[in-house]
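This report concerns only the one structure given below.
All chains are named by letter (A, B, ...) in the order of the sequence lines, taking the proteins before the strands, and each is independently numbered beginning at 1.
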Number of protein chains: 2
Amino acid sequence: MKDVLVLLKENNIKITDERRAILRVLQEAKLPLAPADLFLRLKPSMPKANLTTVYRNLEMLEDLGLVKRLGFNKNYFSYELIDGREHHHHIVCQSCGKVEDLENISEKFVSEIAKQTNFTIEDHNLEFFGLCVICQKEK
Amino acid sequence: MKDVLVLLKENNIKITDERRAILRVLQEAKLPLAPADLFLRLKPSMPKANLTTVYRNLEMLEDLGLVKRLGFNKNYFSYELIDGREHHHHIVCQSCGKVEDLENISEKFVSEIAKQTNFTIEDHNLEFFGLCVICQKEK
DNA sequence: AACTATATTGCAAATGACTTGCATTTGTCA
DNA sequence: TGACAAATGCAAGTCATTTGCAATATAGTT
């Protein structure tokens, strides 16, 4: 968490209560949060939290590369703290909505695509959808 | 294209001028189109085309599995005709926006994820972003 | 501790993609 | 051709997200 504060300072970004709270909630959530959801979780400890500010801060954190925006929901984006985490992807249960992380997706795979297309690959998004173990049993 | 008309009939869906035109434009585009873009391309041959109808028809075509909705643009979805095409993915140039198809992504990859997570995998979205050959040279 | 420059916030209003209600029109099939 | 269900057009609504601007807070500097 130290690194984050340093990075903010380096970018002339002031450390406000709401920012600290947003970072904390993201960290505690351990799952991608939609702005509205983050806002709700912020409220208890920060009654004057403001949804607009949440949006602005998520955008700022994304620009700094501290947060990743994920588009697997139909009507809104979710945001996840990158912190020092490994690059990873997600698998989403289509029945209960649970999100699990996928670590260890081989980079070999990405370089294969680069070779195939001659693109320089800067980023990639891999999303998997299906039924988690619990929801499989409920069928 | 015959199969499409048969499928529509089987679902009590009427074949209207606008539907024929939408299918033709999607087919000619050979790339995913946003509803607004599709609407523009529709206009010349169909001056009374209506954006609401475009939305409604894309949704219907998606429900029938004739069209795939893609979310790699920030503010809107794009739609691509599936027709008889192989399941495939896309790589998007972050500079010029060009979209290329990726065929031959190994299914081995998907089954590996299934084993790792114990999910039943129903769907997946793989998107790659980078610089195409032309835009690499312009740097 | 007060001062200043600049960043941040809060609120209300705007935006823009997409959806919906409903009256009118059109396709299909007997 | 006629009847009925489905499709369309238009206007209005929805909802996530963005923006303008005035008020406030932060972080150096005196």
Rounded to whole Å, CG of A:Leu61 lies from C1' of C:dA7 at a distance of 15 Å
A:Thr52 has its side chain closest, among C:dG27, C:dA12, C:dT9, to C:dA12
note: A:Leu40, atom CG; D:dA16, atom P; distance rounded to Å ~ 11 Å
Taken to the nearest whole Å, CG/B:Leu51 to C1'/C:dA17 is 9 Å
Check: Taking A:Asn50 for the side chain and A:Thr53 for the main chain, is one N or O donor matched with an acceptor at less than 3.5 Å?
Finding: yes
Separation of C:dT8 atom P from A:Asp17 atom CG, nearest Å, is 14 Å
Sorted by position of nearest nucleotide on DNA chain D, 5' first, the leading residue of B:Asn75 and B:Lys14 is B:Lys14
**Asked** Should B:Arg56 be listed as having a side-chain N or O under 4.0 Å from OP1 or OP2 of D:dT8?
**Response** no
A:Leu5 CG to D:dT26 P, in whole Å, measures 14 Å
Could you tell me whether the phosphate oxygens of D:dC15, OP1 or OP2, come under 4.0 Å of any side-chain nitrogen or oxygen in A:Lys74? no
Kindly assign one of parallel, tilted or perpendicular to the pair A:His124 and A:His89, based on the angle between their ring planes and the thresholds 30° and 60°.
tilted
Open item on the list: Check whether B:Gln136 reaches the backbone of B:Leu131 with its side chain - one donor and one acceptor, N or O, closer than 3.5 Å.
Closed with: yes
Comparing nearest nucleotides in DNA chain C, the 5'-proximal residue of the pair B:Thr16, B:Ala36 is B:Ala36
In whole angstroms, the gap separating C1' of D:dA23 from NZ of A:Lys48 amounts to 13 Å
| query | Does the side chain of A:Asn57 get closer than 4.0 angstrom to OP1 or OP2 of C:dT9 through an N or O atom? | reply | yes
B:Asp37 CG to C:dG16 C1', in whole Å, measures 16 Å
* Asked: Hey, does the side chain of B:Thr53 come within less than 4.0 Å of D:dG9's phosphate (OP1/OP2), counting only N and O?
  -> yes
Taking for B:Ile13 and for B:Ala34 the nucleotide of DNA chain C with the nearest heavy atom, the one nearer the 5' end belongs to B:Ala34
Out of D:dG9, C:dG10, C:dT28, minimum distance to the side chain of B:Ile15 belongs to C:dT28
Run the side-chain contact (heavy atoms from CB on, under 4.5 Å) check on B:Lys68 and B:His87 step by step: do they pass?
CA-CA 10 Å; B:Lys68 185 166 186 183; B:His87 176 78; 4.0 Å; yes
Sorted by position of nearest nucleotide on DNA chain D, 5' first, the leading residue of B:Asn12 and B:Asn50 is B:Asn12
Checking D:dT8, C:dG10, C:dC18 against the side chain of B:Glu18 (C-beta onward), the nearest is D:dT8
Note to self: Tell me whether A:Gln27 contacts the main-chain N or O of A:Ile22 through its side chain, where contact means a donor paired with an acceptor under 3.5 Å.
What the structure shows: no
Quick note, B:Tyr55 side chain, CB onward, closest among C:dT9, D:dT8, C:dC18 is C:dC18
When rounded to whole Å, the NZ to C1' distance for the pair B:Lys9 and C:dG27 reads 10 Å
